[in-house]
Each structure stands twice: as C-alpha cells, then as structure tokens.
Amino acid sequence: MLQSDNPEFKFRLARLEKWRASGTDPFGTRLEALISAAAARSLHTADTPHDGGPSAKVAGRITLLRDIGKLIFITISDWTGKIQIGLAKQFLAPRWDQAKLLELGDIAWFAGKLGHTKTGEITIWADDFGLASKALLPPPEKFHGLADTEARYRQRYLDLAANADSLDVFLARSRIMGSIREFLAARQFVEVETPMMQAIPGGAAARPFVTHHNALDIELFLRISPELFLKRLLVGGMERVYEINRNFRNEGIDTSHNPEFTMLELYQAYSDLAGMMELTETLLASLAAARHAAVNGPATTVDRVKLPYGERIIDFTPPFQRISYSDLFLEHVGVPMIDHAAVRQRAVEHGLADVDKMDHDVVVGTLFERLAEPKLHDYDQPVFVYDYPAGLCPLTKRKAGMPHLAERFELYIAGMELANAYTELNDPFIQYETFSAQLAGLREEDSMARRDHDFIAALCHGMPPAGGLGIGIDRLVMVLTNRTSIRDVVLFPLLKSRGATGTSAVPAQET
RNA sequence: GAGGCCGUAGCUCAGCUGGUAGAGCAACAGACUUUUAAUCUGUGGGUCCUGGGUUCGAUCCCCAGCGGCCUCACCA
C-alpha cells in the first residue's frame with residue numbers, strides 16, 4: 001500500500017524517520033497561541049526593527065524554501081496568505097539538523113521575533129519551530145501551481161493548497177453564504193430544511209435521481225426542488241421561510257450545470273413578484289459590493305459596482321434592467337407573442353416539428369429559448385425578464401386581467417439564468433388544473449400517482465398570497481468570483497469515476 | 001448524443017518529415033549567513049493514457065476505448 005515504489009516518497013519517508021529518531025511525532029499535535037500569517041504581517045509597522053520586533057507564532061504549509069547554507073528562508077502559506085520565516089544557524093545551532101529536515105510541502109510552525117530583511121521583506125526570525133505534519137508526497141510545481149483541470153477537480157486538496165486564487169473562491173463562497181443568511185435574518189426570514197428524499201419529485205420540471213428505501217420498500221427521488229414543501233410551511237403560518245440546500249437533477253453536465261447544485265429558495269407571505277424583484281436586486285447589489293470591497297479594498301469608493309466576468313464587466317448597480325418577455329419575444333422572434341398564427345408560422349420556419357400538436361405557450365417558449373434567450377448574453381447588467389406565458393408556469397399566479405401571462409421573472413446575468421421568482425399561485429382550483437395540464441402526457445394512473453394531492457389539500461386549507469424566489473447559489477458565486485465554469489465554484493464537482501485518484505497511486509476511494 | 005482540442009518525468013510544458021524522448025521546477029549529492037520562482041556544480045528519474053492496426057521501425061499515422069476541456073444538442 002501507500003507509495004513504496006515511489007522514490008520521492010522514500011526520500012521523504014527517510015526524513016520522517018529522522019524526525020521520529022529525534023523524538024518528534026511527524027504528525028504533530030495541538031498548537032497554542034498561533035496567529036495567522038496576515039495577522040503576523042500586520043504586526044509589522046514602520047517602526048519595527050530589522051529583528052527583535054514583536055513576537056509571533058505561525059503555522060502553515062512550506063510553499064517556498066531557500067537554503068543558503070547557514071541561513072534558510074522559508075515561505076509558509078496559511079489560508080490568510082504567506083509570510084517569510086528566517087532560520088539562522090547562529091540562533092538555532094542545537095536544532096540545526098532538524099531545521100535542515102524541513103522541505104517543501106511540510107506543514108510546520110515557527111515562533112520568533114518579527115523583523116524584515118534588507119530588501120524589506122517582512123520576516124519572522126525563528127527562535128523556535130517544529131513539524132506539524134510531514135508531507136510524504138511532493139507538492140505541485142511551486143510557481144505554476146496545479147494547472148491540470150482534471151487533477152484540480154479530482155484532487156481538490158492540491159488545488160486549494162497550491163492555487164491561492166482557488167482557495168479564495170471557496171472562502172468567498174462561504175462569506176457569500178454567510179452574507180445571504182445575515183441579509184435574510186435581518187428581514188425576519190427563518191431557515192428550514194425540507195426533505196431531500198421525496199416520494200413525488202415536484203416543484204420543477206427535471207428528471208430526478210431515483211433511489212430505494214429498503215425498510216419501507218418504496219421508491220424515492222432525490223429532490224429536484226423544495227418548492228412544494230416550503231409552500232406547505234406558508235400554509236402552516238411560517239410567513240418568511242427559506243432553505244439553502246442541494247437540488248439534484250439527472251441531466252447534462254456543462255459549465256453551468258452540475259447534477260447536484262445549491263439553491264436558495266425563499267417564500268414571503270403577503271409579498272409578490274415586485275417584492276421579490278426588489279429583494280433580489282438589493283441582495284445581489286450588496287453581495288457584489290462586498291465582493292468588490294474584498295477584491296479592491298473597502299476604502300475604494302465607487303458610484304457603480306462593477307465586477308469582471310470572463311471577457312466582460314458586469315454592472316451590479318441597481319436598478320437592474322427590466323424587459324418583459326413579450327417585448328423580448330417581439331424583438332427577437334419578430335412577431336407578437338399573442339398572435340397564434342404568426343407564432344406558428346415562425347415555428348414552422350425554424351423547423352420545429354409537430355407544431356400543430358404543441359400548446360401555443362410551449363411553441364412560444366421554444367422560440368424564445370432559441371432566438372431571444374441567447375441575446376441575453378449581450379447585456380452588461382443583470383436583466384429581469386418578466387411576465388412569462390402562463391402555460392410555462394404551472395406554479396405561478398396569473399396576471400390580473402391577463403390570464404395568458406404569469407407573474408414570473410427570471411434574472412439573467414451574462415446570459416446565465418441566475419434567479420427565478422413568482423407571485424405564488426395559491427388558488428387550489430387553478431393549481432389542480434395546471435397540474436392536470438402538466439401531466440397530460442402521462443397515462444391516467446401515472447398522472448394520478450405523480451400528482452401531489454396533499455399539496456392541493458394544503459392549498460385548500462389556505463396559503464397566504466406570497467412572493468417566492470429561487471437563486472442558483474453556484475452560478476451566483478461564479479458571477480461574483482469571475483469563474484466561468486460551475487466546477488470552479490463546487491468543491492467536488494461530479495466527474496466520471498476512475499480507478500485511482502489522479503496521477504498518484506494513493507488507493508482509490510470506493511464510492 | 002454530435003463535433004473540435006487535449007492526455008509525454010512528481011508538477012509546468014517542448015518534441016520538426018515516423019528513426020523508441022527533452023527543458024524548467026521538484027528530487028538526490030555538494031557549495032553558499034539576507035534569499036524572494038535564490039544561485040552555482042554534478043546525478044538519477046519515462047507503461048509517451050490503454051488496446052489493436054499500418055510500417056523494417058510509431059510519442060508521432062489509422063481504428064477502437066478510457067479520461068479531461070470547449071462548442072453545440074438535450075434540460076418547460
């Protein structure tokens with residue numbers, strides 16, 4: 001097992017044995033009174049002398065090492081940054097042999113006085129140090145880091161350890177999640193958890209993953225959406241609820257789709273689509289401002305919050321652009337959405353099969369996706385597309401006096417669908433009808449089985465009028481951290497399985 | 001599902017018209033008390049993704065497979 005045939009491993013193992021021989025546990029122990037690399041650096045001021053400044057004790061991975069004989073310079077990295085350590089033989093003579101054992105990739109701690117070198121590099125001149133954990137395998141190349149995309153995803157620990165910008169993305173992701181929860185808590189939302197395993201996968205149209213519960217001997221589905229459960233909570237009187245959790249959709253994988261993805265879904269009683277629009281805009285603008293400050297420094301005052309994304313710059317300054325679905329349709333498809341004959345004509349021109357058998361709204365939706373949605377890629381601001389054809393929105397309230405439209409918006413950023421919101425449908429009669437229409441393609445018994453009768457019953461007990469909003473968290477993090485692939489914001493994205501992990505011969509993880 | 005590109009040392013990458021492979025970093029041995037991707041001298045290290053085929057000879061050409069990236073399709 002392990003790496004007995006790997007020469008690098010053997011050399012490192014020999015050093016490990018030397019640590020053991022000198023009485024050190026090569027895998028370390030609890031460390032007290034540590035400060036971060038960033039904190040240590042901030043202790044250094046203009047008045048700090050060359051050496052003999054304030055004391056500091058730090059720990060981290062050795063990412064650079066320059067051994068120039070009786071003096072060793074080491075750069076350690078922790079999750080706040082880097083700091084240089086200076087080890088001089090004259091101060092560490094009795095333990096110099098141990099100092100010489102340290103190598104790239106080891107995790108070590110150092111204590112000493114802050115100072116700097118003659119070139120001004122902030123340095124801790126170590127008077128004490130120790131091994132915190134021995135690295136038995138070599139780290140990726142110290143300058144280029146780990147570039148191989150497959151290795152970065154399969155061995156994320158190497159990516160995080162070697163690529164500071166990758167670590168930054170995931171630290172930013174955590175801060176974004178925290179900010180969202182703060183934002184919602186300040187507005188009296190409560191966080192809940194609803195079933196991930198559902199007997200009837202509802203709330204969206206997507207193929208589910210299927211599993212089986214042995215003791216109950218029933219088929220269960222990993223949820224494609226929490227919507228129908230969160231709405232039950234509205235019925236129960238939880239007036240502002242949200243859930244941030246995974247959804248699972250058994251569909252294609254590309255730069256904006258991972259089979260499991262994180263969704264924020266929230267419901268606010270007595271609100272509506274306009275309320276959700278305002279909430280979305282305020283939340284995203286504040287998240288963008290926070291990210292802007294994190295990257296450019298909080299002191300930077302800007303009148304417009306702009307973040308780079310790929311080849312472009314996205315302007316998050318509210319108000320976001322608002323364009324109605326029908327206007328976009330008219331502009332890019334060329335005929336009015338409500339002109340059935342003209343829409344049909346355009347559909348035939350674009351080679352849609354079986355147009356005559358399709359519902360008008362479905363034809364509209366198909367043409368929109370083909371001709372209008374791609375154009376949303378060109379906007380350099382987030383865009384609210386609102387008032388969707390009712391036939392495409394089985395869970396959405398119809399627009400007053402315009403029953404062919406549904407009070408729904410989708411928010412697009414850089415052409416990517418980031419959010420989806422409704423004035424929620426709370427009329428059980430209409431809900432029953434739309435469920436029936438949605439299930440029309442199924443056989444009667446399948447249709448009955450798939451229909452969530454209890455959800456209809458819940459609506460019959462009375463659900464307050466409400467606004468609901470879903471935000472794709474992974475895509476949001478992409479936009480805020482300038483990553484154009486969802487795999488760069490998901491720690492362990494789904495990849496095809498392999499016999500062994502990456503290029504190392506570490507035993508494969510059985511899944 | 002279709003197409004394009006890719007897979008070479010631990011890592012980052014070269015490799016011409018087909019003649020069984022190179023560099024930098026890392027490693028190993030050594031020198032060096034202010035380095036900054038330290039530098040200098042020397043050394044070792046390869047299932048060229050896998051399996052077939054063509055050929056006197058394949059990292060290179062052909063076929064199939066595996067894996068990755070991208071584009072498109074699918075995904076109300």
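Computation of the quantities below employed the complete heavy-atom set of this structure, encompassing side-chain atoms and omitting hydrogens, waters and symmetry-equivalent molecules. In what follows, every chain begins at residue 1, and chains take the letters A, B, ... in the order their sequences are listed.
A salt bridge links Asp106(A) with Lys134(A): the closest approach of a Lys/Arg side-chain nitrogen to an acidic carboxylate oxygen falls below 4.0 angstrom. The pair Arg398(A)-Asp427(A) fails the salt-bridge criterion, with no side-chain N (NZ, NE, NH1 or NH2) lying under 4.0 Å from an Asp/Glu carboxylate O. Salt bridge absent: Glu407(A) and Lys397(A) never bring a charged side-chain N and a carboxylate O closer than 4.0 Å. In this structure, Lys375(A) does not pair ionically with Glu373(A), as no charged nitrogen and carboxylate oxygen lie closer than 4.0 Å.
In this structure, the CG atom of Asn6(A) is 14 Å from the P atom of A9(B), given to the nearest Å. Computed from coordinates, the Leu146(A) CG to G68(B) P distance equals 16 Å when rounded to whole Å. In this structure, Lys118(A) atom NZ and U34(B) atom C1' are separated by 5 Å, rounded to whole Å. Put simply, CG on Asp148(A) is 8 Å from P on U8(B), counting in whole angstrom units. As rounded to whole Å, 17 Å separates atom P of C72(B) from atom CD1 of Ile253(A). The interatomic distance linking Asn250(A) (CG) with C74(B) (P) rounds to 18 Å, in whole Å. Between Lys10(A) atom NZ and G45(B) atom P the separation is 13 Å, expressed in whole Å. When rounded to the nearest whole Å, the span between CG of Leu494(A) and C1' of G67(B) equals 14 Å.
Using modelled atom types and a 3.5 Å distance limit, the side chains of Ser77(A) and Thr63(A) yield a donor-acceptor pair.
Which of C69(B), A76(B), C74(B) sits closest to the side chain of Thr149(A) comes down to C69(B). For Thr255(A), whose side chain is taken as the heavy atoms from C-beta onward, the closest listed nucleotide among U34(B), G67(B), U71(B) is U71(B). Comparing atom distances between the Ile68(A) side chain and each of A76(B), C32(B), C74(B) picks out C32(B) as nearest.
Residue contacts shown for Lys496(A) are limited to sugar-phosphate atoms, with no base heavy atom under 4.0 Å away. Within the 4.0 angstrom heavy-atom criterion, no nucleotide atom of any strand lies near Ile72(A). As judged by a 4.0 angstrom heavy-atom cut-off over every strand, Leu495(A) is placed among residues touching the sugar-phosphate backbone only. Within 4.0 Å of Ala147(A), counting heavy atoms only, lie sugar-phosphate atoms of the nucleic acid but no base atom.
The same atom, P, is picked in G45(B) and in A29(B); the two are 16 Å apart, to the nearest Å. For the C1' atoms, the distance from G24(B) to C63(B) is 36 Å, rounded to whole Å. Taking atom P in both U71(B) and A9(B), one finds a spacing of 27 Å when rounded to whole Å. Taking atom P in both C25(B) and U41(B), one finds a spacing of 11 Å when rounded to whole Å. Comparing the C1' positions of G10(B) and C48(B) gives an interatomic distance of 16 Å, to the nearest angstrom. Taking atom C1' on both nucleotides, A2(B) is separated from A37(B) by 43 Å, rounded to a whole Å. The gap from the P atom of U33(B) to that of U43(B) amounts to 25 Å, rounded to the nearest Å. Separation of the P atoms belonging to C6(B) and C16(B) is 12 Å when rounded to the nearest angstrom.
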Expected rows: protein N/O vs nucleotides 24-28 of chain B N/O, under 3.5 Å:
{"residue": "C25(B)", "atom": "O3'", "partner": "Lys142(A)", "partner atom": "NZ", "Å": "3.2"}
{"residue": "A26(B)", "atom": "OP1", "partner": "Lys142(A)", "partner atom": "NZ", "Å": "2.6"}
{"residue": "A27(B)", "atom": "O4'", "partner": "Glu8(A)", "partner atom": "OE1", "Å": "3.3"}

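Note on Lys70(A): a side-chain N or O is less than 4.0 Å away from OP1 or OP2 of U33(B). For Arg487(A), a side-chain nitrogen or oxygen approaches OP1 or OP2 of C70(B) to under 4.0 Å. Residue Arg66(A) places no side-chain N or O under 4.0 Å from the OP1 or OP2 atom of U35(B). The phosphate of G68(B) has OP1 or OP2 within less than 4.0 Å of a side-chain N or O from Arg154(A).
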Verify side-chain hydrogen bond (donor to acceptor under 3.5 Å, both in side chains) between Gln84(A) and Arg66(A), making sure each step is shown before the conclusion. CA-CA 11 Å; Gln84(A) 176 167 276; Arg66(A) 298 173 289 279; 2.8 Å; yes
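Pairing for G18(B) is absent, with no Watson-Crick or G-U wobble pair whose two atom distances lie under 3.5 Å. The pairing partner recorded for A2(B) is U71(B), the criterion being a Watson-Crick or G-U wobble arrangement whose two distances lie under 3.5 angstrom. Using Watson-Crick or G-U wobble geometry with both donor-acceptor distances under 3.5 Å, A31(B) finds its partner in U39(B). In this entry U55(B) has no Watson-Crick or G-U wobble partner, no candidate having both defining distances under 3.5 Å.
Aromatic ring pairs are classed by plane angle as parallel below 30°, tilted from 30° to 60° and perpendicular above 60°; the pair His360(A) and His340(A) is parallel.
Residue-to-nucleotide proximity on RNA chain B shows that, of Asp51(A) and Gly365(A), the 5′-proximal contact is made by Asp51(A). Taking for each of Arg408(A) and Gly69(A) the nucleotide of RNA chain B with the nearest heavy atom, the 5'-most of the two is the partner of Gly69(A).
Evaluation of atom-type donor-acceptor distances gives a pair under 3.5 Å for the side chain of Thr117(A) against the base of U35(B).
Counting heavy-atom neighbours within 6.0 Å of Arg344(A) CZ, excluding the residue itself, gives a total above 12. In Ile338(A), the CD1 atom is not crowded: 12 or fewer heavy atoms of neighbouring residues, nucleotides or ligands sit closer than 6.0 Å. Residue Lys100(A) places its NZ atom among more than 12 non-hydrogen atoms of other residues, nucleotides or ligands, all under 6.0 Å distant.
For RNA chain B, none of the residues of residues 411-426 of chain A falls under the heavy-atom distance limit of 4.0 Å. A heavy-atom distance below 4.0 Å to RNA chain B is reached by these residues of residues 74-102 of chain A, ordered by number: Gln84(A), Gln90(A).
A cation-pi arrangement, defined by a distance under 6.0 Å to the six-membered ring centre and an angle within 45 degrees of its axis, is absent between Arg322(A) and Phe384(A). Figure legend: cation-pi geometry between Arg451(A) and Tyr432(A), with NZ or CZ positioned under 6.0 Å from the six-membered ring centre and within 45° of its axis. Taking the ring centre of Phe261(A) as origin, the terminal cationic atom of Arg249(A) falls outside the region bounded by 6.0 Å and 45° from the ring axis.
Atom CZ of Phe368(A) is separated from atom CG of Leu376(A) by 5.5 Å, given to the nearest 0.5 angstrom.
In this structure a side-chain-to-backbone donor-acceptor pair under 3.5 Å is present from Thr80(A) to Ala38(A).
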